[in-house]
Amino acid sequence: MHWMNYIAPLLEGAWVTVQLTIISTIGGAFFSFLFGIGRLSPNRTARYLSVGFIEVFRGTSLLVQLFWLYFALPLIGEAIGINLRLPPVAAGALALSLNIGAYGAEVVRGALQAVPREQFEVAKSLDFTPRQTLWRISLPQAIPEMMPSFGNLAVQNLKDTALVSLISLGDLAFKAEQIRNFTQDSTTIYSILLLMYFGMALVLTAIMKLLERSVGRWRAGRA
Amino acid sequence: MLFGIEWNTSNDWLFAASILPILLRGLLVTIQATVVGFLVAAVLGLVLAALKAARSPLIAWPARALTEFLRDTPLLVQLFFLYYVLPEYGILLPAFLTGALALGVQYSAYMSEVYRAGLESVARGQTEAARALDLSPLRTFGVIILPQAVPRIIPALGNYLVSIMKDVPVLSVVSVLEMLKVAQIIGDRSFYYVIPLSMVGALYLVLTLIASAGVRYLDTRLPKRGLPLK
Amino acid sequence: MNEQAIIRFERVVKRFGDVTVLDELDFHVDKGEKVTIIGPSGSGKSTVLRILMTLEDIDEGVIHVAGKPLWHEERNGTLVPASEAHLRRMRKEMGMVFQQFNLFPHMTVRRNITEAPVHVLKLSRHEARQRADEYLELVGLSEHADKFPSQLSGGQQQRVAIARALAMRPGIMLFDEPTSALDPELVGEVLTVIQRLAQEHDLTMLLVTHEMQFAKQISDRICFFDKGRVLEDGPPEQLFTEPREARTREFLNAFLNPA
Amino acid sequence: MNEQAIIRFERVVKRFGDVTVLDELDFHVDKGEKVTIIGPSGSGKSTVLRILMTLEDIDEGVIHVAGKPLWHEERNGTLVPASEAHLRRMRKEMGMVFQQFNLFPHMTVRRNITEAPVHVLKLSRHEARQRADEYLELVGLSEHADKFPSQLSGGQQQRVAIARALAMRPGIMLFDEPTSALDPELVGEVLTVIQRLAQEHDLTMLLVTHEMQFAKQISDRICFFDKGRVLEDGPPEQLFTEPREARTREFLNAFLNPA
Amino acid sequence: ASLQQIKQRGSLRIAVANEIPYGYMDLQGKPQGVGPDVARHIATQLGIPKIEWISTTFSALIPGLRARRFDMVAAEMAILPQRCGHVLFSEPNSSYGEGLLVAKGNPKEIHSFEHFARSKDKVAIMAGADQLEMMQALDVPQERMVTISSNSDAISTVATGRAAAYAATSATIHQLVDKDDRVEAAAEFTDPVINGEPVRSWGAFTFNLDSKELQRAVDEELARFKQTDAWRQIMTRHGFSEADADESFNRTREQLCAAH
Ligand SMILES: Nc1ncnc2c1ncn2[C@@H]1O[C@H](COP(=O)(O)OP(=O)(O)OP(=O)(O)O)[C@@H](O)[C@H]1O
Ligand SMILES: Nc1ncnc2c1ncn2[C@@H]1O[C@H](COP(=O)(O)OP(=O)(O)OP(=O)(O)O)[C@@H](O)[C@H]1O
Ligand SMILES: [Mg+2]
Ligand SMILES: [Mg+2]
């Protein structure tokens, strides 16, 4: 059957999509914590920077961010004499991480604020420094709260990787376009494509559920 | 020149000023696509929500699976699918409508969840009280449940309106002349990319900040207990 | 067994999953009788009222209300599960007052009361309004007709809920702990209204409450529920002062002298 | 005024907005003394402990702990507001047990106890563990060291909280109603632990409680707080049996024979 | 990057726009077309062992060059005066005329670009491609143009009636026709006449403005290669006529950049 010929190149693209999803989900988690914690920082500069970051990346379209990083940033770099020419993979992963990180930062902030005030008081009475309190007391309690939202964001991120095909990254959607360019067999190709993304999303959801259970083990005994 | 408007490349500021009206033409399309996409999503979402709530698992289960499928697959691919596959079956829509439909289809899945959550948040006691008074199921839904659910549903829908707006640039790939596409065309022709792309980013920021503020305002203005009935 | 009973449960079984909540319950209330159900938490008191109001169905047994089977219909001489139309007819016999009031928060007090008479009994707006004002008068809230429930105290809300149920002119009124969601200082005003109802109307009343003193005053009979059965029943004086069963005594003791 | 005092409040004022919670409070506790604070709700009892633990700051006055000003530092002979470093040093003198236990839910019992000694006192893991086991023994929970707080009863959780505070080897222990969040049957086990502490250690103890009987047994002195001041204090026998002030008598009466 | 740097790196980064027959990737991801075939030969001659192929959209070619995402474009981009100021061109490699893709049977009887200035029919063009300028020069209003983002969209756009025709180069049109029998090339087509001259394009390799050295080296090798049969074979294999091949010698870059 003709569709069998599509599978090999599509799998090649799917592998790029998987890598990109993993990298940018991890990167997104990093930015989530960086700016989520930054937003609650007593340091005013850190707070304003974080708010600015969150508003900009949540307030603009991912595709615009992607094009900007890919086409505009190198030119600006040239104008000021730095090489800001990110390879497509890096530009794609960075745009995805920043975008998902901005949404994640709000999740982190919400979960941190949900840690009961009393926990901070005990930590103080035991003489923990604010930094120790953050790392040892509040974050570990907040992380399980974040996990369901992070699960949704990870799937969102997987879907968003399709947009990097528009900056010539050989991901799943890009490969599909190439094949269609050649064969004009739209129905078959797009049907396979949708099913492949759906399958990947289901796997990702399952992984995030496992992760959720493992970080929240101490909550199991809760009444 | 685009839409009959010339640009001025003598310096950056004049260039920016001269392409602003062109970008605003694109912005108009962006807003149109947002509104049409939102309306489609609102209606389809309601249908999906109703199907999911159906007693028969033969209806509810496929509706749930469809919701999951729509939520888990990229807008871009759904758009391509509609744009290239629908015509093969004789359904020929202009690019703009196809794009708005794709937005609507994708977001209908999210909105169906909003409806469901909004309706379920109206306390069970309300349904029971209505039943104890023998109100018909239709009247219970229309006069007791819905007016109370609406103030909870609307702000959430508003947030999705903002999300839809941010997804409109994806329609540029099927050549809908929304803001990003316009910026790209300006770039292709003038060979200046930084300024149009940055302006699109800035316009988006302004737009979403305004829209989000609007949603928050609406949220504070809606009566929490439900639309009042005298 | 009393054939005059307006409510009669016969070997009724109700389960939630594995839990048997009503265990072959036999129970009846006569026309015009005021009966109070007491018993420990989880003994199935609310379930009895909810089943009567058809908010829960039953697994086994038969219930008769006003001579007709509640959850069944006679068709060609055999009992078949009731249709929705039959349930609607049966529900008309009864009115219910809930622990949490369950007023419609988006409707004014008057609208809360007229909604069902207009749309279920098909009264004209004018008639319904007159009837609403009459019952608002009865519960002492005439001047609050145009307020929304959130503008009233808990006690006032519960009195509106009572007026709302009465406006359907049911023959039987069910009260499920009508005062236990209220602050102590508001309990009295609601009990007063219920007491007036009990004395001035020939309503049949079935009441679940923990207000023992009150139950004693208004009830013709007290039923002590335990584990989904009627363990003991009798006139209040007898049941409160010389209960037959050890379990009843224990419950009453714990209740009157809390630890 | 006693110059031996390990805790001394001098004309301390604390306000929340317009409300004056501590009103020029003078108050002291001697080294090794066990003092219980009693008084009506809102009289400022918790506030005193929270100020000592530096969870709240003060508006006026001076507090000395172990001879040093708590909220101030001497610099070039004058008192200036304390730096965070000074507060940290001062906090080391004290341990606090809260009404709501406030264990760290994501850590095992042992980890709850070792966390601060390891990271604040910089003990080795091994030493901290030994110390944790020692105090778990003291509170009678040795076999629960590897459980999470959610797997323990309230009384057990509070005993862990006591062990956690003790593991920092404070000279002063503060208890804010340590048993009032507990079911009645669990109060005893916590009180027993506190009593053992009071008898076997030369800790200074400052305790807020409503367990009058218990207070009588363990306290060297009882302070009766009212409206942000010490209205009366003295040895338990005297204060409980022949209070000088009418207000104290009234409070004790209400307390021992609740309405 | 200078030629020296490229040689050191050992690989030349060449972009194609996924346009058959100018430059595209086949199912196995191997680059094909006039541009890549010639570029491969030139790279070998220049002693560069490896080519990194980048497949992208036509409108991303010039931004990509300017952002130095690749060293060279092998998409047979037409040499146009307005482009000359922003990128460097090699001497022409190919020459091609225009064409129109229409629905089977050409129901609207379209035979020229000028048709769209007169009727209400819509014409599809690719984003960033030259046909936009031609249409504008012929006074075709903006609303009558449907922009698509790649050639692969052309067939469905025309077959489904989103546009009455797709305007592109003749070689493009001819290869599209083979893919689907719902479309055909407009018969009796006449090239648009602009400024009194029939339109014809000269395609070349494209470089970043600072790649003069690379441009010169490619020019030399290209001139040599165009004298060979191998070059002619590449042209015919990809659907260019002998006339097209000959025509490519009739203009120089200098003439084309200076035109107007
Ligand atoms: N919807 C339900 N699903 C599962 N179990 C239920 C449900 N409703 C009630 N139950 C269970 O049925 C039992 C009886 O409940 P019911 O509400 O009748 O008790 P009750 O006597 O009214 O108690 P209370 O004094 O606490 O109101 C309880 O064990 C309860 O947990
Ligand atoms: N963070 C705060 N903000 C505002 N007011 C507060 C705050 N903390 C305490 N108060 C007020 O200060 C007063 C004294 O509070 P405090 O907790 O010390 O009383 P208490 O004697 O411990 O009472 P209780 O027996 O109820 O615990 C109360 O009126 C309380 O409302
Ligand atoms: Mg109940
Ligand atoms: Mg207190």
Side-chain angles (χ1 to χ4, degrees), chain B residues 1-7 9-10 15 21-22 25-26 28-29 76 79-99 101 169-198 200, chain E residues 17 56-67 69 77 80-87 103 122-133 135-137 139-143 145-163 166 180 182-183 206 208-209:
Chain B
M1 189 181 76
L2 192 64
F3 302 126
I5 303 170
E6 287 287 351
W7 47 77
T9 54
S10 48
F15 179 62
I22 310 178
R25 292 278 290 269
L28 187 65
V29 176
L76 180 71
L79 175 64
F80 279 147
F81 189 91
L82 293 176
Y83 191 75
Y84 293 116
V85 175
L86 280 190
E88 309 256 329
Y89 298 93
I91 304 166
L92 187 64
L93 298 171
F96 175 86
L97 282 185
T98 313
L101 182 65
V170 174
L171 308 196
S172 66
V173 302
V174 296
S175 64
V176 173
L177 281 178
E178 50 65 59
M179 201 163 35
L180 180 65
K181 186 81 204 172
V182 168
Q184 266 182 296
I185 293 177
I186 294 173
D188 290 344
R189 314 274 294 281
S190 68
F191 306 99
Y192 292 100
Y193 298 95
V194 178
I195 291 173
L197 278 180
S198 305
V200 171
Chain E
T56 184
T57 55
F58 192 84
S59 61
L61 291 175
I62 292 182
L65 270 183
R66 289 168 61 85
R69 298 208 163 274
M77 188 185 283
L80 296 177
Q82 63 269 33
R83 283 181 184 150
C84 291
H86 298 279
V87 288
K122 289 194 175 178
V123 60
I125 52 177
M126 185 167 56
D130 318 326
Q131 282 74 19
L132 176 66
E133 269 83 4
M135 293 294 170
Q136 284 183 338
D139 289 327
V140 177
Q142 190 80 41
E143 317 78 78
M145 294 184 233
V146 175
T147 319
I148 63 176
S149 53
S150 84
N151 269 320
S152 57
D153 307 353
I155 292 178
S156 84
T157 303
V158 171
T160 59
R162 283 199 177 101
Y166 174 51
D180 200 304
R182 290 174 298 172
V183 291
T206 324
N208 191 289
L209 276 181

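On a predicted model such as this, the values are computed, not experimentally measured, just so you know. Only this structure's heavy atoms are used, side chains among them; waters, hydrogens and symmetry mates stay out. A note on names: the letters A, B, ... follow the listed sequences, proteins ahead of strands, and every chain is numbered from 1.
- Contact annotation for R182(E): only side-chain heavy atoms (C-beta onward) come within less than 4.5 Å of a heavy atom of chain B.
- By the 30° and 60° cut-offs, the orientation of the rings of H86(E) relative to F191(B) is parallel.
- Only the backbone of S190(B) comes within contact range of chain E, with at least one heavy atom under 4.5 Å from a heavy atom of that chain.
- Annotation: maximal heavy-atom pairing with chain B below 4.5 Å, among V146(E), I148(E), D153(E), occurs at D153(E).
- Y83(B) places none of its side-chain heavy atoms less than 4.5 Å from the side chain of T160(E).
- At a threshold of 4.5 Å between non-hydrogen side-chain atoms, the residues V174(B) and R162(E) do not count as touching.
- Heavy-atom distances place no part of E143(E) under 4.5 Å from chain B, backbone and side chain included.
- Heavy atoms closer than 4.5 Å to chain B are found in both the backbone and the side chain of T147(E).
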